[in-house]
Amino acid sequence: MFIETETTPNPATLKFLPGEQVMASGTREFTSPEAAEQSPLAQALFDLGDVTGVFFGRDFVSVTAAPGVEWASLKPQVLSLLLDHFVSQAPLFIAGTASGIAVPPEDDANFSDDPADADVIDQIKDLIETRVRPAVANDGGDIIYRGFREGVVYLQMQGACSGCPSSTATLKHGIESLLKHYVPEVTEVRAA
């Protein structure tokens, strides 16, 4: 088995492609060792001690290194764990748990959508799904629609895109321009 490695716009994150399906549907992000307890693979990656984030996509795993950690020393360890996992066909999650269910974190902002904006929201979600999400997945991450209110679209970046130095530019110049072009009701895009 050969695991391909790609850089991402986030210098702290590498994207690993095992050449097979990782997640059958959806994505899953782990931002702490505690969150990773539901996945033996994510937990093993955090147990390396130099990992601060793990993200499972459809056909890739993104791993974020701790500040100051050099990929030259961490990459062989990550590759070894990934190789062992995929060759042994070990389960991605612990059986009998709800680990495949990801619930967006609650925060103080109320992102409930106005039913009067349903057509606009459908257009926004369609553009995100067909145009934005594939491009973001190429960079080792994902983007989640969180809400639309008074012309502002709220999006959440995950995986390699979360904390990436260029994520603000991606949101403001790339995604905002695209949405404004196709959906005139959109005036701004903000990170949620």
Side-chain angles (χ1 to χ4, degrees), residues 6-17 21-32 35-36 38-39 42 52-64 67 92-93 98-192:
E6 293 180 359
T7 58
T8 71
N10 183 347
T13 304
L14 285 181
K15 180 179 173 182
F16 298 88
L17 296 115
Q21 177 179 291
V22 176
M23 293 279 293
S25 64
T27 60
R28 184 68 193 266
E29 182 174 41
F30 304 94
T31 57
S32 70
Q38 302 306 315
S39 169
T52 60
V54 176
F55 181 81
F56 297 150
R58 184 179 55 78
D59 62 352
F60 66 90
V61 175
S62 291
V63 178
T64 303
L92 198 55
F93 297 103
S99 59
I101 300 170
V103 178
E106 293 293 326
D107 47 40
D108 296 333
N110 178 11
F111 290 106
S112 59
D113 292 325
D114 183 345
D117 293 328
D119 289 341
V120 171
I121 292 165
D122 287 345
Q123 290 176 35
I124 292 167
K125 287 180 176 178
D126 183 58
L127 284 167
I128 290 168
E129 193 63 38
T130 60
R131 302 269 186 114
V132 178
R133 181 168 271 143
V136 173
N138 266 351
D139 289 340
D142 197 14
I143 190 160
I144 309 254
Y145 170 85
R146 292 292 307 276
F148 175 75
R149 185 174 51 238
E150 298 173 8
V152 180
V153 177
Y154 296 91
L155 301 173
Q156 179 183 357
M157 305 292 266
Q158 291 186 318
C161 300
S162 177
C164 174
S166 62
S167 66
T168 302
T170 299
L171 276 175
K172 284 301 194 186
H173 302 294
I175 299 169
E176 184 175 275
S177 297
L178 175 83
L179 292 179
K180 282 177 159 181
H181 177 78
Y182 288 104
V183 186
E185 294 84 354
V186 173
T187 59
E188 184 181 359
V189 172
R190 292 185 193 163

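Computed from heavy atoms alone, side chains included, the values below leave out hydrogens, waters and symmetry copies.
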Quick one: does Thr64's side chain get under 4.5 Å of Phe55's, heavy atoms only?
-> no
Of all residues at least two apart in sequence or in a different chain, which pass the side chain to side chain contact (heavy atoms under 4.5 Å, CB included) check with Ser32?
-> Glu34, Ala35
Who pairs with Glu176 by side chain to side chain contact (heavy atoms under 4.5 Å, CB included), at least two apart in sequence or on another chain?
-> Lys172, Lys180, Glu188, Val189
Locate the shortest heavy-atom distance separating Pro134 from Ile128; write the atom from each residue and the value.
-> CD-O, 4.3 Å
Side chains of Thr7 and Leu14 in contact at under 4.5 Å (non-hydrogen atoms) = yes
Where at least one partner belongs to residues 125-137, residue pairs that pass side chain to side chain donor-acceptor pair (under 3.5 Å), sequence neighbours excluded = Glu129-Arg133, Arg131-Tyr182, Arg133-Asp142
How close do Ser39 and Phe30 get, heavy atom to heavy atom, and via which atoms?
-> CB-CZ, 3.8 Å
Could I get the full list of ring-ring contact (aromatic ring centres under 6.0 Å, His included) partners for Phe16, not counting sequence neighbours?
-> none
One should read off an interatomic distance between Ile175 CD1 and Leu127 CG, to the nearest 0.5 angstrom, of 11.0 Å
Drop me the distance from Leu17's CG to Glu6's CD, to the nearest 0.5 angstrom.
-> 5.0 Å
Quick one: pull up CZ in Phe60 and CE in Met23 and give me the separation to the nearest 0.5 Å.
-> 10.5 Å
Show me the side-chain donor-acceptor pairs of residues 115-122 shorter than 3.5 Å, one per line, residues at least two apart or across chains.
none

Interatomic distance, Ile124 atom CD1 to Tyr145 atom OH [nearest 0.5 angstrom] = 5.5 Å
Non-hydrogen atoms of Val61 and Val54 that approach each other most closely | CG1-CG1, 4.2 Å
Output yes when a side-chain donor or acceptor of Ser62 lies under 3.5 Å from a complementary backbone atom of Lys15, and no otherwise.
-> no
Which residues satisfy the side chain to side chain contact (heavy atoms under 4.5 Å, CB included) test with Arg58, sequence neighbours excluded?
-> none
Can you measure from CD1 (Ile143) to OG1 (Thr27) and round to the nearest 0.5 angstrom?
-> 11.5 Å
Under a 4.5 Å cut-off applied to non-hydrogen side-chain atoms, are Val183 and Val153 in contact?
-> no
If every non-hydrogen atom of Pro11 is compared with every non-hydrogen atom of Pro9, which pair is closest and at what distance?
-> CD-O, 3.3 Å
If we only count heavy atoms from C-beta on, is the Val132 to Leu155 side-chain gap below 4.5 Å?
-> no
